[in-house]
Amino acid sequence: MSKRDRSASACTVVLGAQWGDEGKGKIVDLLAKDVDVVARYQGGANAGHTIKLPDGREFVLHLIPSGIFHDDVTCVIGNGVVIDPVALLEEIKVIEREGISVKGRLFISHNAHLIMPYHKMLDVAAEARLQAKDGSAVGTTGRGIGPAYEDKFARKGIRIVDLLDRESLREKLRKNIAEKNELLEKFYGSSEVCDVDKIVAEYEVFDQLMDAYITDTSLLMNRAIRDGKSILLEGAQAALLDIDFGTYPYVTSSNPTAGGACTGLGIPPMAIDRVVGVAKAYATRVGNGPFPTELTGDLGERLRKAGREYGATTGRPRRCGWFDAVAVRYTNMINGVSSLALTKLDVLSGFDEVKLCTRYERISDGRELENFTNDLRQLADIRPIYESFEGWSQEDLAGAMSREDLPGKVQRYLDALEREVECPLEIISVGAGREETLVAEMAS
């Protein structure tokens, strides 16, 4: 029986409204109790969605959708995801070891592209070369995501379905590996090269281990839509890292924006009737690239420590800053965001002053700007203009059952944030656990 009668919408996209690491995993896990299907539509094992269960157990998911911890939810990895078989099989093993069933509930697109060993080698080599040359490395995770997407769009990729034809696979790999080895040796000066026969043997084993999960997921998804199932579409990374709409070239290699849900799962745009953006009550960014509200001194370090801002996938320290309403207005616009889920509000407790960026000022001529740009030259010429708020103490958020229960100082900040992003706050997270969440009744 469908859970649609318990869900506010039939098909909801949940995506990051900032630069990633907003707490999408918690929000998807929270909403998953009321849906039938949770589907991941892009990215790879460079994502890290942290889930804290009521019993205190904590998991970091990299590929498996965040609905897996609800026994009656079907989880789908779509064609838009690039899959590292090593990471996927290890993740399945970890989850099953904790007594959580995966078989019969997890389905993977036969059209999804595979990350190969040479993709990881190229990723690491390219970043090292850029960093050594002029310090312009993008700041990737080194998981081979970008090179895998490069091969996909160059029509050289290896899909899961290609594993079925061993001779064809061997021939494709021979061509790819000859090219990659030449690139690694002659351009990057690497001594590491790939062996065709070894990779074919490894991926034949992966094929056998993954076979129970592989299906035509676009057919599965469209049947679920036809049958009135309630569905969550889960993005990785975030809108400001989108390959088309993010701060290019300091972006990811896919489309985390709402449009990516359609191409990454093979579903029609009209199926989506709700988009929930997830944003922190402040802002963070991992890797290089512009970050208008970044705090680089002691205050930034204090915010990092208070929020435990270290990458779930790499452990890298995240850059921290105040909430940027200009940037979030932009992501709300390009995604058609219906409502926001605001996370980590509790992290701001204890700060004497909290700031909110409402617009920018151009350094060159003092002109004020209300709209975001992803042009790096223009972003280098702006500074944030802030609205300041009196901070609140460490204990203020404890015991709140609704937004109205929060202290007046907190409510003034939330009211201003909601006004500036031009979007209602539907969910407010005041802690890592499912129960530490305030959910507003939204008008239909």
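Keep in mind that this is a model prediction, so the values were computed, not measured. Note: hydrogens, waters and symmetry copies are ignored here, and every other heavy atom, side chains too, is used. For this chain, numbers begin at 1 and follow the sequence in order.
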Novice: Kindly determine whether Thr343 and Lys26 satisfy side-chain hydrogen bond (donor to acceptor under 3.5 Å, both in side chains), including the steps that lead there.
Specialist: CA-CA 9 Å; Thr343 62; Lys26 173 185 173 173; over 6 Å; no

Novice: Would you confirm whether Glu418, through its side chain, and Leu425, through its main-chain N or O, come within 3.5 Å as a donor-acceptor pair?
Specialist: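 A pair under 3.5 Å: yes.
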
Novice: Quick check against the 3.5 Å criterion: does Tyr149 have a side-chain atom that pairs as donor or acceptor with the backbone of Thr252?
Specialist: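 Side chain of Tyr149 to backbone of Thr252, a donor-acceptor pair under 3.5 Å: no, none is there.
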
Novice: Going by distance alone, is a donor N or O of one side chain under 3.5 Å from an acceptor N or O of the other, for Asp21 and Thr284?
Specialist: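 On atom types as modelled, these side chains do not qualify, holding no pair under 3.5 Å.
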
Novice: Quick one, Asp216 with Ser218, criterion side-chain hydrogen bond (donor to acceptor under 3.5 Å, both in side chains). Give me CA distance, side-chain angles, the key distance, then yes/no.
Specialist: CA-CA 6 Å; Asp216 182 343; Ser218 61; 2.8 Å; yes

Novice: Quick check: does any side chain N or O of Asn335 sit under 3.5 Å from a backbone N or O of Thr331, one acting as donor and the other as acceptor?
Specialist: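 Such a contact is found between Asn335 side chain and Thr331 backbone.
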
Novice: Between the main-chain N or O of Asp244 and the side-chain N or O of Asp242, is there a donor-acceptor pair closer than 3.5 Å?
Specialist: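 Present.
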
Novice: With rounding to the nearest 0.5 Å, note down the distance linking CG in Asn332 to CD1 in Ile334.
Specialist: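 One gets 9.5 Å once the value is rounded to the nearest 0.5 Å.
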
Novice: Could you check whether Asp151 pairs with Lys180 (Lys NZ or Arg NE/NH1/NH2 to Asp/Glu carboxylate O, under 4.0 Å)?
Specialist: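 Looking at Lys180 together with Asp151, the answer is yes, because their closest N to O distance falls below 4.0 Å.
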
Novice: More than 12 foreign heavy atoms under 6.0 Å from CD of Glu370: is that the case here?
Specialist: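 Counting neighbours around CD of Glu370, 12 or fewer heavy atoms of other residues, nucleotides or ligands fall under 6.0 Å, so no.
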
Novice: What do you reckon, is CZ of Arg419 surrounded by more than 12 foreign heavy atoms closer than 6.0 Å?
Specialist: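 It does: Arg419 CZ has more than 12 such atoms within range.
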
Novice: Would you say Gln378's side chain and Thr373's backbone share a donor-acceptor pair under 3.5 angstrom?
Specialist: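 No, because the side chain of Gln378 does not come within donor-acceptor range (under 3.5 Å) of the backbone of Thr373.
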
Novice: OG1 of Thr74 to CD1 of Ile231: how many Å apart, nearest 0.5 Å?
Specialist: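 If we round to the nearest 0.5 Å, Thr74:OG1 and Ile231:CD1 are 10.0 Å apart.
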
Novice: Please check this pair: side chain of Arg105 against backbone of His70, looking for a donor-acceptor N/O pair closer than 3.5 Å.
Specialist: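 Between the backbone of His70 and the side chain of Arg105 there is a qualifying donor-acceptor contact (under 3.5 Å).
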
Novice: Keeping Arg304 on the side-chain end and Arg318 on the backbone end, is there a donor-acceptor pair under 3.5 Å?
Specialist: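 Such a contact is found between Arg304 side chain and Arg318 backbone.
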
Novice: Could you grab the distance from atom CG of Leu340 to atom CD of Glu422, nearest 0.5 Å is fine?
Specialist: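 One gets 11.5 Å once the value is rounded to the nearest 0.5 Å.
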
Novice: Identify the two heavy atoms, one from Gly260 and one from Thr263, that lie closest to each other, and give their separation to 0.1 Å.
Specialist: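 In terms of heavy atoms, the two residues are closest at O-OG1, 3.4 Å.
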
Novice: Tell me whether the count of non-hydrogen atoms from other residues, nucleotides or ligands lying under 6.0 Å of CZ in Arg383 goes above 12.
Specialist: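 Correct, the count exceeds 12.
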
Novice: Over 60° means perpendicular and under 30° means parallel, so tell me whether Tyr203 and Phe206 are parallel, tilted or perpendicular.
Specialist: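 Perpendicular, since the angle between the ring planes exceeds 60°.
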
Novice: Within 45 degrees of the ring normal and closer than 6.0 Å to the centroid, is that where the cationic atom of Arg302 sits relative to Phe351?
Specialist: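 Yes.
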
Novice: Could you walk me through whether Thr358 and Glu420 pass side-chain hydrogen bond (donor to acceptor under 3.5 Å, both in side chains), step by step?
Specialist: CA-CA 6 Å; Thr358 58; Glu420 291 297 330; 4.9 Å; no

Novice: For the side chain of Arg159 and the backbone of Ser109, is there at least one donor-acceptor N/O pair under 3.5 Å apart?
Specialist: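 Such a contact is absent between Arg159 side chain and Ser109 backbone.
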
Novice: If you compare all heavy atoms of Leu232 against all heavy atoms of Ala32, which two are closest, and at what distance to 0.1 Å?
Specialist: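 So the minimum-distance heavy-atom pair works out to CD1-N, 3.9 Å.
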
Novice: Rounded at 0.5 Å granularity, tell me how far CG in Asp123 sits from OH in Tyr118.
Specialist: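 Rounded to the nearest 0.5 Å, the CG-OH separation comes to 14.0 Å.
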
Novice: Please say which of Val14, Val38, Ile77 ends up in a side chain to side chain contact (heavy atoms under 4.5 Å, CB included) with Glu234.
Specialist: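 Going through Val14, Val38, Ile77 one by one, the side chain to side chain contact (heavy atoms under 4.5 Å, CB included) with Glu234 is satisfied by Val38 alone.
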
Novice: Hey, is Lys229 close enough to Asp227 for a salt bridge, meaning N to O under 4.0 Å?
Specialist: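 Result for this pair is no, no salt bridge flagged.
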
Novice: Does a side chain donor of either Tyr282 or Glu309 reach within less than 3.5 Å of an acceptor in the other side chain?
Specialist: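 Distance-only check passes for Tyr282 and Glu309.
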
Novice: Test your reading of the model: is there a side-chain donor-acceptor pair from Gln42 to the backbone of Gly235, 3.5 Å cut-off?
Specialist: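 Absent.
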
Novice: Check the pair Leu164 / Val161 against side-chain contact (heavy atoms from CB on, under 4.5 Å), numbers first and verdict last.
Specialist: CA-CA 6 Å; Leu164 298 175; Val161 70; 4.1 Å; yes

Novice: Can you tell me which residue among Leu348, Val430, Ile428, Asp405 is in a side chain to side chain contact (heavy atoms under 4.5 Å, CB included) with Leu397?
Specialist: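 Among the candidates, only Val430 passes.
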
Novice: Does the separation of the ring centres of Tyr413 and Phe323 fall below 6.0 angstrom?
Specialist: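 When the ring centroids of Tyr413 and Phe323 are compared, they turn out to be at least 6.0 Å apart.
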
Novice: Nearest heavy-atom pair of Tyr250 and Asn288: which atoms, and what distance?
Specialist: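 Smallest heavy-atom distance, with atoms named: CB-O, 3.5 Å.
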
Novice: Measure across Ser388 and Glu353 and return the closest heavy-atom pair with its distance rounded to 0.1 Å.
Specialist: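 Scanning both residues completely, I find the closest heavy atoms to be OG-OE2, 3.1 Å.
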
Novice: Nearest 0.5 angstrom please: Lys355 NZ to Leu299 CG, how far?
Specialist: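 So the gap between those two atoms works out to 8.5 Å.
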
Novice: Under 3.5 Å, is there a donor-acceptor pair linking the side chains of Arg308 and Thr50?
Specialist: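 Side chains of Arg308 and Thr50: no pair found under 3.5 Å.
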
Novice: Using the side-chain hydrogen bond (donor to acceptor under 3.5 Å, both in side chains) rule, take Asp324 and Tyr360 through it: C-alpha gap first, then chi angles, then the decisive distance, then the call.
Specialist: CA-CA 10 Å; Asp324 188 341; Tyr360 300 148; 2.6 Å; yes

Novice: Could you tell me if Glu404 and Ser402 have a donor-acceptor pair between their side chains, going purely by distance under 3.5 Å?
Specialist: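 Glu404 and Ser402 do have a side-chain donor-acceptor pair below 3.5 Å.
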
Novice: Take Phe69 and Arg434, measure what side-chain contact (heavy atoms from CB on, under 4.5 Å) needs, and give me the verdict at the end.
Specialist: CA-CA 12 Å; Phe69 301 108; Arg434 288 178 188 167; 4.0 Å; yes

Novice: Heavy atoms only: give me the nearest Thr293-Cys357 pair and the separation to one decimal.
Specialist: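 Where Thr293 meets Cys357 most closely, the heavy atoms are CG2-CB, 3.7 Å.
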
Novice: Under the side-chain contact (heavy atoms from CB on, under 4.5 Å) criterion, do Leu376 and Thr247 qualify, and how do the steps go?
Specialist: CA-CA 7 Å; Leu376 298 191; Thr247 51; 4.3 Å; yes

Novice: How long is the gap from CG on Leu233 to OG1 on Thr12, to the nearest 0.5 Å?
Specialist: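 Nearest 0.5 Å value for the CG-OG1 distance: 7.5 Å.
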
